[in-house]
Chemist: 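If you scroll down you'll find the structure; I have some questions about it.
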Amino acid sequence: MIFSKTLIYWYSNSKRILPWRQTKDSYYIWLSEIILQQTQVKQGLPYYEAFVATYPTVFDLAKANERDVLKLWQGLGYYSRARNLHTTAKHIAYELNGKFPNSYNELLKLKGVGDYTASAIASICFNEVTAVVDGNVYRVLSRFFGIDTPINSSKGSKEFKQLAQELIDKKNPAEFNQAIMEFGAMQCKPKQPDCNICPLNKGCIAFNTNRIAELPVKIKSVKAKKKHFNFLVFISKDEKTILEKRENKGIWQNLYQFPLVETSREQTYNAFKKRVTSHHLLKDTPFELTLYNKDAIIHKLSHQHLYTKFWIVNTDALSANSISVDKIQDFPVPILIGNFIENFNF
DNA sequence: AACTCGGGGAT
DNA sequence: ATCCCAGAGTT
């Protein structure tokens with residue numbers, strides 16, 4: 001009781017003014033929650049503004065093409081969020097007649113909406129007593145109550161969800177949920193939290209037993225694997241190039257890229273020229289090959305480190321599936337490709 | 001239960 | 001380098 005009251009009081013004085021805190025419209029709250037999954041407020045904020053401006057209603061989002069939605073999402077990462085966002089918008093607009101689901105159980109059925117997001121929307125928009133458990137909540141609860149169950153174990157997720165559900169202010173679930181998350185983000189930070197001015201420090205087990213740095217406990221993830229990406233940047237005399245859609249599963253699904261040649265090791269100029277001479281886009285075609293970046297660009301993702309080289313391929317003409325280089329900005333691309341396009345003078 | 005999915009920021 | 005971020009879906 002004192003725990004939740006303290007958090008809510010702290011929140012009332014210390015919360016940031018954010019656009020999604022000025023509304024209880026489920027469409028906007030949903031949009032903000034999807035954007036903010038595994039994403040810091042600072043990074044997600046401009047994307048939220050862009051989506052609200054471009055798609056003011058769920059019908060506007062439903063009407064869009066996936067390519068445009070992905071383009072607006074470009075750079076934010078975890079692109080399945082954008083694909084699911086669009087799928088769910090169409091579902092709500094056309095099958096639910098625009099009526100947004102208004103309970104935890106119904107929200108949970110939406111693609112891209114899991115336990116956290118269903119709890120957040122249900123509490124914020126509909127005052128349902130469903131506790132959110134995100135990274136902030138894990139941190140605050142594990143420290144205050146001195147719980148060392150790994151947060152990314154199934155035992156841990158159940159344990160923390162149950163604890164949060166017991167602690168939530170039944171009269172004001174919306175404020176409590178947002179308060180504990182904001183508290184975790186601003187005060188009970190991962191590194192060097194300012195415990196000396198913390199309103200909860202007297203009862204905090206981690207603080208009083210000097211275990212702040214050890215909590216929460218998390219099971220280590222596997223190390224990232226190295227991959228070698230070689231992109232073929234075609235340029236024809238009539239200023240066309242080739243972009244291909246990534247259709248398969250894996251990273252960047254439904255985004256576009258220059259034709260990719262993945263290799264088991266870093267390619268030297270001579271070895272790569274020999275290799276691509278038999279490439280299906282290049283056989284029987286005279287071409288001139290130039291290596292754009294001598295040192296591989298290392299693009300780091302959670303599970304992969306992409307050692308990347310861009311190879312400029314000058315040809316006389318290109319096949320029918322080529323595009324004008326001035327149309328290149330219309331396509332959603334991974335930020336790795338986007339950075340190249342920005343730096344390269346087509 | 002373990003793995004996959006991005007990109008940026010802090011330390 | 002390593003960790004974290006208003007997590008969800010698949011295997």
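Chain letters run A, B, ... following the sequence lines, proteins first, then strands; residues in each count from 1.
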Chemist: dG7(C) P sits how many Å from Glu33(A) CD, rounded?
Modeler: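 So the CD-P distance, Glu33(A) to dG7(C), works out to 9 Å.
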
Chemist: Which residues, if any, of residues 135-151 of chain A bring a heavy atom under 4.0 Å of DNA chain C?
Modeler: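 Within residues 135-151 of chain A, the residues near DNA chain C are Gly135(A), Asn136(A), Arg139(A).
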
Chemist: Within the structure, does a side-chain N or O atom of Lys223(A) lie under 4.0 Å from either OP1 or OP2 of dA1(C)?
Modeler: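 Checking Lys223(A) against dA1(C): no side-chain N or O falls below 4.0 Å of OP1 or OP2.
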
Chemist: Can you give me every donor-acceptor pair (side chain of residues 327-346 of chain A, partner residue at least two apart or in another chain, under 3.5 Å) with its distance?
Modeler:
{"residue": "Asn339(A)", "atom": "ND2", "partner": "Ile335(A)", "partner atom": "O", "Å": "3.3"}
{"residue": "Asn343(A)", "atom": "ND2", "partner": "Asn339(A)", "partner atom": "O", "Å": "3.2"}

Chemist: dA6(C) C1' sits how many Å from Leu31(A) CG, rounded?
Modeler: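 Going from Leu31(A) (CG) to dA6(C) (C1'), I get 14 Å.
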
Chemist: Phe3(A): which residues meet the ring-ring contact (aromatic ring centres under 6.0 Å, His included) condition with it, sequence neighbours left out?
Modeler: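 Phe3(A) satisfies ring-ring contact (aromatic ring centres under 6.0 Å, His included) with Phe144(A), Phe145(A) once adjacent residues are dropped.
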
Chemist: Name the nucleic acid region contacted by Thr117(A), choosing base, sugar-phosphate or nothing; use a 4.0 angstrom heavy-atom cut-off, strictly under.
Modeler: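 Sugar-phosphate only.
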
Chemist: Looking at every strand, decide which applies to Asp115(A) at a 4.0 Å heavy-atom threshold: base, sugar-phosphate, or nothing.
Modeler: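 Sugar-phosphate, no base atom in range.
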
Chemist: Just how far, in rounded Å, is C1' of dA1(C) from NZ of Lys220(A)?
Modeler: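 Value for this atom pair: 12 Å.
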
Chemist: Sequence neighbours left out, cut at 3.5 Å: what donor-acceptor pairs do the side chains of residues 190-207 of chain A make with other protein atoms?
Modeler:
{"residue": "Asn201(A)", "atom": "ND2", "partner": "Cys195(A)", "partner atom": "O", "Å": "3.0"}
{"residue": "Asn201(A)", "atom": "ND2", "partner": "Cys198(A)", "partner atom": "O", "Å": "3.3"}

Chemist: In whole Å, I'd like the distance from the CG atom of Leu108(A) to the P atom of dG7(C).
Modeler: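 My rounded result for the distance is 16 Å.
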
Chemist: Can you confirm if the aromatic rings of Tyr48(A) and Trp20(A) lie within a centre distance of less than 6.0 Å?
Modeler: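 They qualify: ring centres under 6.0 Å apart.
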
Chemist: Mind listing the closest non-hydrogen atom pair of Gly156(A) and Ser153(A) along with its distance?
Modeler: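 What the structure gives for the nearest pair is N-OG, 3.0 Å.
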
Chemist: Please figure out whether Asn84(A) or Gln178(A) has its closest DNA chain C nucleotide nearer the 5' end.
Modeler: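 Upstream on the strand: Gln178(A).
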
Chemist: Could you list all the side-chain hydrogen bond (donor to acceptor under 3.5 Å, both in side chains) pairs where at least one residue sits in residues 61-74 of chain A, not counting sequence neighbours?
Modeler: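 Residue pairs passing side-chain hydrogen bond (donor to acceptor under 3.5 Å, both in side chains), neighbours aside: Asn65(A)-Asp68(A), Glu66(A)-Asn254(A), Arg67(A)-Tyr256(A), Lys71(A)-Gln74(A).
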
Chemist: Treat primed atoms plus P, OP1 and OP2 as sugar-phosphate and everything else as base, then score nucleotides 4-11 of chain B 5' to 3': B for base contact with protein heavy atoms under 4.0 Å, S for sugar-phosphate contact only, - for none.
Modeler: BBBBS--S

Chemist: So, using side-chain hydrogen bond (donor to acceptor under 3.5 Å, both in side chains) as the criterion, who are the partners of Ser123(A) when residues are at least two apart?
Modeler: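 Ser123(A) satisfies side-chain hydrogen bond (donor to acceptor under 3.5 Å, both in side chains) with Asn177(A) once adjacent residues are dropped.
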
Chemist: Which residues pass the side chain to side chain contact (heavy atoms under 4.5 Å, CB included) test with Leu96(A), not counting sequence neighbours?
Modeler: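 Result, side chain to side chain contact (heavy atoms under 4.5 Å, CB included) vs Leu96(A): His91(A), Ile92(A), Pro101(A).
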
Chemist: Counting the atoms with a prime plus P, OP1 and OP2 as sugar-phosphate, which does Trp20(A) contact under 4.0 Å by heavy atoms, base, sugar-phosphate, or nothing?
Modeler: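 Base, at least one base heavy atom under 4.0 Å.
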
Chemist: List for me each residue that meets side-chain hydrogen bond (donor to acceptor under 3.5 Å, both in side chains) alongside Gln257(A), sequence neighbours excluded, and say none if there are none.
Modeler: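 So Gln257(A) forms a side-chain hydrogen bond (donor to acceptor under 3.5 Å, both in side chains) with Arg246(A).
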
